[in-house]
Amino acid sequence: MTFEFVWIPKPPAFSLSATVSVEYAWWEEERYTDGVKWKFLEHKGPVFAPPYEPLPSNVKFYYDGKYMKLSPGAEEVATFFAKMLDHEYTTKDVFRKNFFKDWRKEMTSEEKSKLTDLNKCDFSEMSEYFKAQSEARKAMTKEEKLKIKMENERILQEYGFCVMDNHKERIANFRIEPPGLFRGRGDHPKMGMLKRRIRPEDIIINCSKDSKHPKPPPGTKWKEVRHDNKVTWLVSWTENIQGSIKYIMLNPSSRIKGEKDWQKYEMARRLKKCVDRIRAQYREDWKSKEMRIRQRAVALYFIDKLALRAGNEKEEGETADTVGCCSLRVEHLTLHQEMDGQEYVVEFDFLGKDSIRYYNKVPVEKRVFKNLQLFMEDKEPEDDLFDRLNTSILNKHLQELMDGLTAKVFRTYNASITLQQQLNELTTSEDNVPAKILSYNRANRAVAILCNHQRAPPKTFEKSMQNLQTKIDAKKEQLADAKRELKSAKADAKVRRDEKSKKAVESKKKAVQRIEEQLMKLEVQATDREENKQIALGTSKLNYLDPRISVAWCKKLGVPIEKIYNKTQREKFAWAIDMAEKDYEF
DNA sequence: CCTGGGACTTAGAAAAAAGACA
DNA sequence: TGTCTTTTTTCTAAGTCCCAGG
């Protein structure tokens, strides 16, 4: 098994005190069973955001057309806004209002009394300055770029790894989030608020007692150093926008993340074994005389059939207004007794996680339809559809149906089983490799559609499609030429009847074949890209599809694993690549 | 039961790096 | 060898789910 990290040849400036090996197969070792996550943990702490560098004096800020020198604190916050000036965010009312309110808190009392209207603030010189800086960065010489790269590599080597139980592991996010303006997604009531700078005094360090504790920067102190081996994080701090805790944790390639990921798929496979029983049960429950049981059963049906998320309650006004299954409101669905020749159609239209729109028209069984009518009766649009249900009730029920079962397991299960089925349906061993990969992507796509993984169509999508079409046209012409040449070579060979012309025919034939193959590849690529316009495959690949299904498929059909997983993905799924044989079944 | 905090997974956008192309 | 395009990596927000304490 190869399990590679990128090592630079020179030794790091600092070495962790334990003796460790990097290459190891954690999946061959024994696991903790008692909630203990590790016995030894040593790391160097976080990397803080670079301190603020004041603007050069020739970069000016104007208020109401007049130059104004800002105090360092106010200037820093102003630069956050200036850096986003080209972004749509800065045109939004809520963003501007929140920003201005927080900016004023950083101003001196003099500034506060002068700067009273954001519309009169002119950040354009700052904005130009930052654009020029980023241009300058692009235009740096090779040597300068290399120097920066080396420095980053050094920091990675020093801070990017930790030792957990005899093994050196990669840390995922060892850099503290820099200060800036909060960018929520969708209609977020807090967009534009100032995300404050994190100092050592805000930081809680978690490591083992017997490790070399990380040192805070000179002249500073950590908030706390604790030794909690029931959790996996190395560093935490409380963020000021929502008041939630942020963590530094390990990379997906690490043992601690990998084991959990593996477990997740094993849980989904357990669901596979009893899903028929559970489905029969909730169908029975549609008829229950108890409203709460009916609601629970219909919600579970949606979660199973449509792969909806559980839908926890959210605090109103604190976040964007989004919902999942249990938090659906009456206004999010429309019932159609009959639609497009189908009976009992439910039209869903709501914003889900990340304010991604879920829009779907689904024919449902009569009993479900009737239940929905009942749930919606005498309710206002903004009322909860499932007023007798929440995620806690639902999960408690699921727990009783199968040990460890929760709502999200259905998403994992349905995603993985769909991939497996689609791969079986779409691929044949006779196909060539590009055709197999197109089929794989289509199977992956079916899952992404099920899970509603969308992306904004790339800004350059149309152009990139056109470019590809141009290539295809050129290739077609090239093919026509090659065919013509082949024809004349054949005619020539017929007249001459010598070895040389025969050989010429053969080589022309080969050329035609090669070009045909290239053309096919381009056409497949075009199809793939077109179908992928608004669909994001990455999320399902990384979080929902049992990697062993993909590994087995590759092994069975002779597709190199690199065609399916890039380097990062291969690192994350090293366990599956090592374990799964071609006959693996989810 | 209900609430809030805590720990962890999942998510798309944006930035950076790599690759293709002129 | 720079320039444009595509892929990969980084970033951090936004979910899920569990648990403690009232």
Side-chain angles (χ1 to χ4, degrees), chain A residues 35 37 84 87-89 134 137-139 142 145 148-149 152 156 160 172-178 180 182-186 188 190-191 195 204 206 228 230-233 236 238-239 241-252 256-257 260-261 263-264 303 309-315 318-320 322-327 351-356 390-396 398-399 404-412 415 448 451-456 458-461 463-465 467-468 471 525 529 534-544 565-569 571:
Chain A
K37 303 292 169 67
M84 293 175 76
H87 203 286
E88 204 202 328
Y89 271 116
S134 95
R137 228 170 303 131
K138 273 186 221 155
K142 255 190 185 154
K145 283 182 181 166
I148 292 174
K149 204 175 169 179
N152 281 334
L156 173 67
N173 55 327
F174 56 91
R175 288 171 199 275
I176 299 278
E177 296 170 20
F182 176 75
R183 307 151 84 120
R185 305 194 179 207
H188 197 116
K190 298 194 172 183
M191 64 167 79
K195 207 169 93 161
I204 302 175
N206 193 33
D228 182 356
K230 298 287 203 320
V231 298
T232 67
W233 54 268
S236 77
T238 301
E239 152 270 351
I241 303 289
Q242 322 272 358
S244 66
I245 308 171
K246 299 246 175 168
Y247 303 94
I248 291 181
M249 290 183 185
L250 297 195
N251 189 271
I256 203 126
K257 294 291 182 189
K260 199 80 186 294
D261 206 39
Q263 256 180 36
K264 172 181 77 185
I303 284 170
R309 295 187 185 82
N312 285 306
E313 293 116 298
K314 303 171 72 184
E315 225 178 317
E318 296 291 303
T319 58
T322 63
V323 298
C325 186
C326 294
S327 50
L351 297 182
K353 181 177 179 181
D354 292 318
S355 293
I356 297 291
N390 60 38
T391 54
S392 154
I393 297 172
L394 179 65
N395 280 334
K396 224 163 270 160
L398 292 175
Q399 186 60 238
L405 187 62
T406 63
K408 81 192 269 282
V409 180
F410 281 87
R411 255 168 97 82
T412 311
C451 295
N452 200 231
H453 292 141
Q454 299 187 29
R455 61 167 184 177
K459 288 209 166 57
T460 53
F461 184 83
K463 205 174 101 199
S464 119
M465 277 317 284
N467 291 161
L468 200 48
K471 271 195 201 168
Q525 207 186 347
R529 192 175 299 180
Q534 306 202 62
I535 297 168
L537 299 186
T539 301
S540 50
K541 202 183 217 177
L542 233 45
N543 300 297
Y544 288 102
Y565 291 139
N566 67 29
K567 180 169 149 284
T568 312
Q569 294 166 161
E571 281 169 7

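In what follows, chains are A, B, ... by sequence order, proteins preceding strands, each numbered from 1. Atoms considered below: every heavy atom in the structure, side chains included; atoms not considered: hydrogens, waters and symmetry mates.
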Subject >> Lys145(A): salt bridge (charged side-chain N to carboxylate O under 4.0 Å, His left out) partners, not counting sequence neighbours >> reply: none
Original post:
dT10(C) P sits how many Å from Asn251(A) CG, rounded?
Top reply: 8 Å
**OP:** Please tell me which of Ser464(A) and Arg185(A) maps to the more 5' nucleotide of DNA chain C, matching each residue to the nucleotide holding its nearest heavy atom.
**Re:** Ser464(A)
**OP:** Could you pull out all residues at least two apart from Phe174(A) that satisfy ring-ring contact (aromatic ring centres under 6.0 Å, His included)?
**Re:** none
**OP:** Check every strand shown and say whether Glu239(A) touches a base, only sugar-phosphate, or nothing at a heavy-atom separation below 4.0 Å.
**Re:** nothing
**OP:** Classify the nucleic acid contact of Asn395(A) as base, sugar-phosphate or nothing, counting any heavy atom under 4.0 Å across all strands shown.
**Re:** sugar-phosphate
Original post:
Just checking Gly352(A): base, sugar-phosphate only, or nothing, at a heavy-atom cut-off of under 4.0 Å?
Top reply: sugar-phosphate
Original post:
Who pairs with Lys149(A) by salt bridge (charged side-chain N to carboxylate O under 4.0 Å, His left out), at least two apart in sequence or on another chain?
Top reply: none
Original post:
What is the distance, rounded to the nearest whole Å, between atom CD of Glu177(A) and atom C1' of dA14(B)?
Top reply: 15 Å
**OP:** Check side chain to side chain contact (heavy atoms under 4.5 Å, CB included) between Ala310(A) and all other residues, then give those that pass, not counting sequence neighbours.
**Re:** Thr391(A), Ala407(A)
Scan nucleotides 20-22 of chain C against the protein and return all N/O pairs shorter than 3.5 Å with their distances rounded to 0.1 Å.
none

Original post:
Who pairs with Glu318(A) by side chain to side chain contact (heavy atoms under 4.5 Å, CB included), at least two apart in sequence or on another chain?
Top reply: Lys190(A), Glu315(A)
With 3.5 Å as the limit, what N/O pairs link the protein to nucleotides 8-10 of chain B?
from    : atom 1 : to        : atom 2 : distance (Å)
dC8(B)  : OP1    : Lys37(A)  : NZ     : 3.0
dC8(B)  : OP2    : Thr232(A) : N      : 3.0
dC8(B)  : OP2    : Thr232(A) : OG1    : 2.9
dC8(B)  : O5'    : Thr232(A) : OG1    : 3.4
dT9(B)  : OP2    : Lys257(A) : NZ     : 2.4
dT10(B) : OP1    : Lys408(A) : NZ     : 3.2
dT10(B) : OP2    : Lys264(A) : NZ     : 2.7
dT10(B) : O3'    : Tyr544(A) : OH     : 3.1
dT10(B) : O2     : Lys353(A) : NZ     : 2.7

Subject >> Backbone of Ser244(A) reached by a side-chain donor or acceptor of Glu239(A) within 3.5 Å >> reply: yes
Original post:
For Lys396(A) and Ala456(A), take the nucleotide of DNA chain B holding the closest heavy atom to each; which residue's nucleotide lies nearer the 5' end?
Top reply: Lys396(A)
Original post:
Between atom CD in Glu318(A) and atom C1' in dG5(B), what is the gap in whole Å?
Top reply: 14 Å
**OP:** Answer with base, sugar-phosphate or nothing: what part of the nucleic acid does Gly311(A) contact at a heavy-atom distance below 4.0 Å?
**Re:** sugar-phosphate
Subject >> Spacing of Tyr89(A) atom OH relative to dA13(B) atom C1', expressed in whole Å >> reply: 9 Å
**OP:** Answer with base, sugar-phosphate or nothing: what part of the nucleic acid does Lys195(A) contact at a heavy-atom distance below 4.0 Å?
**Re:** sugar-phosphate
**OP:** Would you mind reading off the distance between Gln242(A) atom CD and dA7(B) atom C1', rounded to a whole angstrom?
**Re:** 16 Å
**OP:** Give Thr460(A) one of three labels, base, sugar-phosphate or nothing, depending on what nucleic acid heavy atoms sit under 4.0 Å from its own.
**Re:** nothing
**OP:** Between Ala407(A) and His188(A), just flag the one whose closest nucleotide in DNA chain C comes earlier from the 5' side.
**Re:** His188(A)
Original post:
Hey, does Arg529(A) reach any base, or is it just sugar-phosphate, or nothing, if we go heavy atoms under 4.0 Å?
Top reply: sugar-phosphate
Original post:
Which residues pass the side chain to side chain contact (heavy atoms under 4.5 Å, CB included) test with Gln263(A), sequence neighbours left out?
Top reply: Arg31(A), Lys260(A)
Original post:
Parallel, tilted or perpendicular for Trp233(A) and Tyr247(A), by the 30°/60° rule?
Top reply: tilted
Original post:
What's the CG-P distance between Leu351(A) and dG12(B), to the nearest Å?
Top reply: 13 Å
Subject >> With Lys264(A) via salt bridge (charged side-chain N to carboxylate O under 4.0 Å, His left out) - residues at least two apart >> reply: Asp261(A)
**OP:** Would you check if the side chain of Lys314(A) reaches a backbone N or O of Val323(A) as a donor-acceptor pair within less than 3.5 Å?
**Re:** no
Dump the pairs, protein N or O against N or O of nucleotides 19-22 of chain B, anything under 3.5 Å, distances to one decimal.
from    : atom 1 : to        : atom 2 : distance (Å)
dC21(B) : OP1    : Lys471(A) : NZ     : 2.9

Subject >> Rounded interatomic separation in angstrom, taking CD1 from Ile248(A) and C1' from dT10(C) >> reply: 14 Å
Original post:
At under 4.0 Å between heavy atoms, what does Pro252(A) touch on the DNA or RNA strands: base, sugar-phosphate, or nothing?
Top reply: nothing
**OP:** Send over the distance from Lys190(A) NZ to dA13(C) P, rounded to a whole Å.
**Re:** 12 Å
**OP:** Please determine if a side-chain N or O atom of Lys149(A) lies less than 4.0 Å away from the OP1 or OP2 oxygen of dA16(B).
**Re:** no
Subject >> Short side-chain to backbone donor-acceptor contact, Tyr89(A) and Gly184(A), under 3.5 Å >> reply: yes
Original post:
Using a cut-off of 4.0 Å on non-hydrogen atoms, how would the nucleic acid contact of Ile356(A) be classed: base, sugar-phosphate, or nothing?
Top reply: sugar-phosphate
**OP:** Examine dG6(B): is either OP1 or OP2 under 4.0 Å from a nitrogen or oxygen in the side chain of Ser236(A)? Give yes or no.
**Re:** no
Original post:
What residues, two or more places apart in sequence or in another chain, satisfy side chain to side chain contact (heavy atoms under 4.5 Å, CB included) together with Cys325(A)?
Top reply: Ala299(A), Phe302(A), Ile303(A), Leu308(A), Phe386(A)
Original post:
How would you list, by chain and number, every residue that makes a salt bridge (charged side-chain N to carboxylate O under 4.0 Å, His left out) with Arg185(A), sequence neighbours excluded?
Top reply: Asp354(A)
